[in-house]
Number of protein chains: 2
Amino acid sequence: MKKSKSREISRPTAERLTEYLLILEQHLSCGNETISSKELSDVFGNTPSQVRQDLFQLENTGRIRHGYNVKTLTMAIRNRLGLGNITNLAIIGCGKLGSAIAEHVPFSVYGIKLAGIFDNHKSIIGKKVGGIMVENVKDLEKSLRKRKISIATLCVPPSAAQEVADKLVSAGGVRGILNYTQKRLKVPDNIVVRDRQIVCSFMQLAFFSNQGV
Amino acid sequence: MKKSKSREISRPTAERLTEYLLILEQHLSCGNETISSKELSDVFGNTPSQVRQDLFQLENTGRIRHGYNVKTLTMAIRNRLGLGNITNLAIIGCGKLGSAIAEHVPFSVYGIKLAGIFDNHKSIIGKKVGGIMVENVKDLEKSLRKRKISIATLCVPPSAAQEVADKLVSAGGVRGILNYTQKRLKVPDNIVVRDRQIVCSFMQLAFFSNQGV
DNA sequence: TAGATTGTTAATCGATTAACAATC
DNA sequence: TAGATTGTTAATCGATTAACAATC
């Protein structure tokens, strides 16, 4: 949890940096050891200038004329985003969405450790999902503390969303919530909530694919 | 597919408008017939000024001193975003993520019709998921045309992503792709791709919940 | 009426884009 | 060497915020 030495990183830049990480991994797995700002921007869909401006926020890693070493750049981004320190994650709700996330999202590659899954259905409590055992949501607060969990994602039915959010807050230690439920949550100001209502992505796609851009 | 009468709507505004729709629905279901820019911004997490600036892009619907009628405003947003006309959607890949989306996302409320689901596993082809029958992905192109599908979402393993994307493009008619796979896609410029790699949301949450904002 | 809240323009802020020297 | 590409500053662009008249 080193304090960032230079100025704050802007929100749009931080968001793009996370996406660059995936592109870099893909690029590396294709056997490329270096990448230029032009190549990266072609894949991402922005401009070389913006890529360089983003990477300028890191400890410099490029070599003029040769582009960026993919591995070096990957590490620089991870460090800048604080993904070098493991962040413990809990998934609340182990229905189809929760278990899809648990099983398919490559957390460990990006500095996140899936440290707890919770549900209220007896049929699934005790089963292993994504490599760990599903716990009873009744034990949520106690277990969150025990496992030092600092971020959580809500994959429960909308009707249970606020109630679970309240527990996440009262447990202490949870600083961020990724909310996949339809409901907007009321939480204290010091808790970061990122709303990811899936249906919004579909509406946006419908709109943008109709009216250009 | 009426052409928008006034100027183009900006990307950030369009994205927020889709989220306002969910908030309005929630607000209405709590028994409130009107909402002020202050109330809406409190829930969304922005400012009354920004809300009014966003809503200024619509046919005006507010009443000074009384705020906005929730139903009227909802319809105005839907119309402005073109969600009045039904958009036909296909889900490609009926694993946990694909079926979670098919079953839990309330498409029909927001002008989107789930018109096709495709997979390559015999065990699930022919079964009903989210109210419609899973088809063999081998019939993808033919079926996309038959069902007049214009947007699609990729919920397949990364290894199959580009291949399926190519089919979506070659089928014709598909204008937008929501990509939940880890892979970046290569598609022609006239196809809108929105990348929604879930792991990025988690990285962003980890970052933002550490370093303020 | 007075207070509240919108509609709308103007000012500010921040992000993107452009430019170019440095240099490999 | 000449050409390519970064690092970095400056210019532009667009989005957010502020302000306030209109008015219910």
Side-chain angles (χ1 to χ4, degrees), chain A residues 5-20 23-24 27 32-74 76-77 80 204 208 211-213, chain B residues 5-20 23-24 27 32-74 76-77 80 204 208 211-213:
Chain A
K5 52 188 73 168
S6 50
R7 69 191 132 173
E8 276 298 297
I9 205 165
S10 77
R11 170 180 291 261
T13 292
E15 293 185 350
R16 283 192 296 268
L17 286 176
T18 66
E19 304 203 42
Y20 294 165
I23 293 172
L24 293 175
H27 197 70
N32 303 291
E33 296 206 340
T34 63
I35 191 167
S36 68
S37 56
K38 174 73 165 55
E39 290 172 300
L40 185 43
S41 68
D42 280 345
V43 179
F44 185 87
N46 56 352
T47 61
S49 195
Q50 186 174 70
V51 167
R52 290 204 302 279
Q53 193 67 262
D54 287 338
L55 302 187
F56 181 49
Q57 313 294 318
L58 321 167
E59 295 91 69
N60 303 340
T61 48
R63 283 174 60 213
I64 288 173
R65 176 71 183 77
H66 290 88
Y68 302 84
N69 178 282
V70 177
K71 284 183 183 168
T72 309
L73 183 54
T74 298
I77 295 176
R80 190 68 181 80
Q204 290 159 18
F208 290 125
Q211 350 240 323
V213 176
Chain B
K5 52 188 72 166
S6 49
R7 69 192 131 171
E8 277 297 297
I9 204 166
S10 78
R11 169 181 292 261
T13 292
E15 294 184 351
R16 282 192 297 267
L17 286 176
T18 65
E19 304 202 43
Y20 294 166
I23 293 173
L24 292 175
H27 197 71
N32 303 291
E33 295 206 341
T34 63
I35 191 168
S36 69
S37 57
K38 174 74 164 59
E39 290 173 299
L40 185 44
S41 69
D42 281 345
V43 179
F44 184 87
N46 56 354
T47 61
S49 195
Q50 186 174 69
V51 166
R52 289 204 302 280
Q53 193 66 263
D54 287 337
L55 302 186
F56 181 49
Q57 313 294 317
L58 320 167
E59 296 90 69
N60 304 340
T61 48
R63 283 174 61 212
I64 288 175
R65 176 70 184 79
H66 290 88
Y68 302 85
N69 179 282
V70 178
K71 283 183 182 171
T72 310
L73 182 54
T74 298
I77 295 177
R80 190 67 180 80
Q204 290 158 18
F208 290 125
Q211 351 242 320
V213 173

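Here the structure is a predicted model, which is why all the values come from computation and not from measurement. Below, chain A is the first sequence line, B the second, and so on; all start at residue 1.
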Distance in angstrom units between [X] [atom1] and [N] [atom2], rounded:
| X | N | atom1 | atom2 | result |
| --- | --- | --- | --- | --- |
| H66(A) | dA22(C) | NE2 | P | 20 Å |
| K38(B) | dG7(C) | NZ | C1' | 19 Å |
| E59(B) | dT8(C) | CD | P | 12 Å |
| R63(B) | dT5(C) | CZ | P | 13 Å |
| N69(A) | dT6(D) | CG | P | 13 Å |
| Y68(A) | dA4(D) | OH | P | 17 Å |
| E15(A) | dA15(C) | CD | C1' | 13 Å |
| Q57(A) | dT9(D) | CD | P | 12 Å |

- prompt: Without hydrogens or angle criteria, can the side chains of S41(B) and N46(B) be said to hold a donor-acceptor pair below 3.5 Å?
  reply: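 Checked: S41(B)/N46(B) side chains show no N/O donor-acceptor pair below 3.5 Å.
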Next on the checklist: Would you say Q57(A) and T13(A) are linked by a side-chain donor-acceptor pair, where the criterion is simply a distance under 3.5 Å?
Outcome noted: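 Looking only at side-chain atoms, Q57(A) and T13(A) do not form any donor-acceptor pair under 3.5 Å.
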Is the shortest side-chain heavy-atom distance between [X] and [Y] below 4.5 Å?
| X | Y | result |
| --- | --- | --- |
| Y20(A) | L55(A) | yes |
| F208(A) | R11(B) | yes |
| Y68(A) | R52(A) | yes |

Is dC20(C) paired to anything, Watson-Crick or G-U wobble with both distances less than 3.5 Å, and if yes, which nucleotide?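 Pairing partner: dG7(D).
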Give a yes/no on whether any side-chain N or O of [X] is located under 4.0 angstrom from OP1 or OP2 of [N].
| X | N | result |
| --- | --- | --- |
| S37(A) | dT5(D) | no |
| R16(B) | dT16(D) | yes |
| Q50(A) | dT16(C) | yes |

Compare the minimum distances between each of [options] and the side chain of [X], then state the nucleotide with the smallest one.
| X | options | result |
| --- | --- | --- |
| S49(A) | dA19(C), dA15(C), dA19(D) | dA19(C) |
| F56(B) | dT9(C), dT8(D), dT6(C) | dT9(C) |
| R52(B) | dT9(C), dT9(D), dG7(C) | dG7(C) |

Give [X] one of three labels, base, sugar-phosphate or nothing, depending on what nucleic acid heavy atoms sit under 4.0 Å from its own.
| X | answer |
| --- | --- |
| T13(B) | nothing |
| S36(A) | sugar-phosphate |
| T47(A) | sugar-phosphate |

Below 3.5 Å, does any donor atom in the side chain of Q53(A) face an acceptor in the base of dT17(C), or the other way round?
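When only heavy-atom distances are counted, Q53(A) does reach the base of dT17(C) through a donor-acceptor pair under 3.5 Å.
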Original post:
Given that S10(A) and P48(B) both sit by DNA chain C, which one's nearest nucleotide is further toward the 5' end?
Top reply: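 Taking each residue's closest nucleotide, the earlier one in sequence belongs to P48(B).
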